[in-house]
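Since the structure comes first, as structure tokens, the remarks are kept for the end.
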Amino acid sequence: QVQLVESGGGLVQAGGSLRLSCAASGRIFSIDVMNWYRQAPGKQRELVATINSGDNTNYADSVKGRFTISRDNAKNTVYLQMNSLKPEDTAVYYCNLQGTRLTYSDRSRNYWGQGTQVTVSS
């Protein structure tokens, strides 16, 4: 059984920084893509950042230059460093693992974290 544990959310003033972590526990063989999504009240969930197994990254235009996604494969953990935070970054942030395999021959599986609240005050 794979579980994702997110941490690092909280309340910060505009211009501040936070670092989110998402650690996957359980027996994992490989993870193709690790993503961070966010959902603000009354809005749809949006993709914020993605990193693949080759460490290629992509970002939403709204966070480019401010957020950095990284991963530690040995720890099955993905991070999101968020700098120069703005009030519009306020949302629940979710990690998502795509293409997770528990063994070499396993089917591809997707997992979601429980979400962590990020609140940026003006």
Can you see which heavy atom on Q98 is nearest to which on N110, and at what distance?
CA-OD1, 3.1 Å

How many angstroms lie between CZ in F67 and OG in S62, if you round to the nearest 0.5 Å?
7.5 Å

Hey, does S108 have a side-chain heavy atom less than 4.5 Å from the side chain of R101?
yes

Applying side-chain hydrogen bond (donor to acceptor under 3.5 Å, both in side chains), can you list everything that pairs with R19, at least two apart in sequence or on another chain?
none

By side chain to side chain contact (heavy atoms under 4.5 Å, CB included), which residues pair with T57, not counting sequence neighbours?
I51, Y59, I69

Nearest-0.5 Å distance, CG of residue D55 to CG of residue N73
6.5 Å

Separation between CZ of R71 and CG of N76, rounded to the nearest 0.5 Å
8.5 Å

Report the residues that fulfil side-chain hydrogen bond (donor to acceptor under 3.5 Å, both in side chains) with Q81, sequence neighbours left out, ordered by chain and then residue number.
N83

Just to verify, what does K64 make a side-chain hydrogen bond (donor to acceptor under 3.5 Å, both in side chains) with, not counting sequence neighbours?
D61

Any donor-acceptor pair under 3.5 Å from N96 side chain to Y111 backbone:
yes

State yes or no: do Y94 and M82 share one hydrophobic cluster built from I, L, V, M, F, W and Y residues joined by side-chain heavy-atom distances below 4.5 Å, directly or via other members?
no

Give a yes or no on whether Y37 and L85 share a hydrophobic cluster (residues Ile, Leu, Val, Met, Phe, Trp, Tyr; joining criterion: side-chain heavy atoms under 4.5 Å apart).
no

Indicate every side-chain donor-acceptor pair of residues 2-14 with a distance under 3.5 Å to a residue at least two apart or in another chain.
{"residue": "E6", "atom": "OE1", "partner": "T116", "partner atom": "N", "Å": "3.3"}
{"residue": "E6", "atom": "OE2", "partner": "C95", "partner atom": "N", "Å": "3.0"}
{"residue": "E6", "atom": "OE2", "partner": "G115", "partner atom": "N", "Å": "3.2"}

Show the numbers, then the answer: is there a side chain to side chain contact (heavy atoms under 4.5 Å, CB included) between F29 and L102?
CA-CA 5 Å; F29 176 76; L102 306 186; 5.8 Å; no

Ignoring hydrogens, what is the shortest heavy-atom contact between I28 and A24? Give both atom names and the distance.
CD1-CB, 3.6 Å

Treat each ILVMFWY residue as a node, draw an edge where side-chain heavy atoms are under 4.5 Å apart, and state whether L18 and Y93 are in one component.
yes

Who pairs with T119 by side-chain hydrogen bond (donor to acceptor under 3.5 Å, both in side chains), at least two apart in sequence or on another chain?
Q117

Do L80 and V118 share a hydrophobic cluster, counting only Ile, Leu, Val, Met, Phe, Trp and Tyr and linking them when any side-chain heavy atoms are less than 4.5 Å apart?
yes

Interatomic distance, W112 atom CH2 to N35 atom CG [nearest 0.5 angstrom]:
7.0 Å

Looking at Y79 and T77, what are the two nearest heavy atoms and their distance?
CZ-CG2, 3.4 Å

Within the side chain of R38, is there an N or O that forms a donor-acceptor pair under 3.5 Å with the backbone of T90?
no

